Amino acid sequence: MRIDVVSIFPPFFDVLEVSLVGKARAKGLLDIHVHDLRAHTHDRHRTVDDTPYGGGAGMVMKPEPWGEALDAIVSQAAPVAPPTFIFPSPAGELFTQSTARELSTCPHLIFGCGRYEGIDERVFEYAGTLGDVRMISLGDYVLNGGEVASMAMIEAISRLIPGMVGNPSSLLEESHEDGLLEYPSYTKPASWRGRDVPDVLLSGHHGRVAEWRHEMQLERTRERRPDLLD
């Protein structure tokens with residue numbers, strides 16, 4: 001999978017060199033490129049924003065740098081398939097595990113990290129002529145920019161790529177994979193500071209363990225995310 005990221009803060013994504021994502025890049029499972037939007041400006045101040053038409057607070061990101069940046073990325077990438085553009089936005093669809101799994105099958109993702117009051121709407125319209133466009137929100141809150149959201153989505157998506165996680169079966173028992181939250185986990189020692197591991201997990205009875213874990217999933221989901229049970 002190829003992933004391109006456009007941001008006015010490229011160093012933010014240096015963390016992609018570490019952990020499982022970094023290992024996946026080293027193994028060739030991920031081809032990640034981070035681009036500075038200001039590299040596509042042509043004034044000495046490297047301006048990427050301007051005042052909004054119609055008035056209002058804040059500034060809006062200009063379409064010209066974005067157009068040039070997206071053109072450059074699309075022309076550089078191998079034309080395997082049209083890219084999928086992802087623009088993090090509180091006005092977008094909600095990002096879920098299902099979304100992550102869907103996007104993990106895309107050969108080329110391009111993340112556009114907006115700032116200020118957002119990006120000129122015409123950028124999204126133009127991107128739609130180059131590929132698929134998805135406006136995606138992490139949740140019902142507002143961040144300062146799209147970098148944090150892009151990082152979260154990149155990690156959630158990339159870990160679903162075959163070969164990314166050492167034990168693929170572990171992905172099947174996580175929260176949201178079956179519509180429920182994950183069951184609680186325990187390890188050695190069996191007793192710690194007066195707190196004991198549930199007896200069923202020490203029984204060696206796989207059927208009882210599986211039943212207990214499912215009951216814990218239901219209980220935890222009812223308590224913390226009853227909306228998922230609907």
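Throughout, residue positions are numbered sequentially from 1 according to the sequence presented. None of the values given here were measured: they were computed from a predicted structure. Every heavy atom of this structure was used, including side-chain atoms; hydrogens, water molecules and symmetry mates were not.
Taking both residues in full, the closest heavy atoms of Trp212 and Pro198 are given as CZ2-CG, 3.8 Å, listed atom of the first, atom of the second, then distance.
Residues that satisfy the side chain to side chain contact (heavy atoms under 4.5 Å, CB included) test with Glu64, not counting sequence neighbours, are Lys62. Under the rule for a salt bridge (charged side-chain N to carboxylate O under 4.0 Å, His left out), Glu155 has no partner lying at least two apart in sequence or in another chain. The ring-ring contact (aromatic ring centres under 6.0 Å, His included) search around Phe87 returns Phe124, not counting sequence neighbours. Judged as a salt bridge (charged side-chain N to carboxylate O under 4.0 Å, His left out), and not counting sequence neighbours, Asp49 has no contacts. For Arg208, there are no salt bridge (charged side-chain N to carboxylate O under 4.0 Å, His left out) partners two or more places apart in sequence or in a different chain. For Pro88, the side chain to side chain contact (heavy atoms under 4.5 Å, CB included) criterion is met by Ala149, Ser150, Met153, not counting sequence neighbours.
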Identify all side-chain donor-acceptor contacts of residues 136-146 below 3.5 Å with residues at least two apart in sequence or on another chain.
{"unit_1": "Ser137", "atom_1": "OG", "unit_2": "Gly139", "atom_2": "N", "d": "3.1"}
{"unit_1": "Ser137", "atom_1": "OG", "unit_2": "Gly139", "atom_2": "O", "d": "2.8"}

With a cut-off of 3.5 Å and sequence neighbours excluded, list every side-chain donor-acceptor pair involving residues 185-193.
{"unit_1": "Ser191", "atom_1": "OG", "unit_2": "Asp196", "atom_2": "OD1", "d": "2.7"}

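Residue pairs satisfying the salt bridge (charged side-chain N to carboxylate O under 4.0 Å, His left out) criterion with at least one member in residues 22-32, sequence neighbours excluded, are listed as follows: Glu17-Arg25. Residue pairs that meet the salt bridge (charged side-chain N to carboxylate O under 4.0 Å, His left out) test with at least one member in residues 32-43, sequence neighbours left out, are Asp36-Arg46. Among residues at least two apart or in separate chains, salt bridge (charged side-chain N to carboxylate O under 4.0 Å, His left out) pairs with a member in residues 86-98 are Glu93-Arg134. Residue pairs meeting the side-chain hydrogen bond (donor to acceptor under 3.5 Å, both in side chains) criterion with at least one member in residues 109-123, sequence neighbours excluded, are Arg115-Glu147, Asp120-Arg122.
No donor-acceptor pair under 3.5 Å is formed between the side chain of Ser89 and the backbone N or O of Met135.
One distance of note links CD of Glu102 with CG of Leu160; it measures 12.0 Å at 0.5 Å rounding.
Looking at His108 and Asp4, their side chains do bring a donor and an acceptor atom within 3.5 Å of each other. Side-chain polar atoms of Glu68 and His42 form a donor-acceptor pair below 3.5 angstrom.
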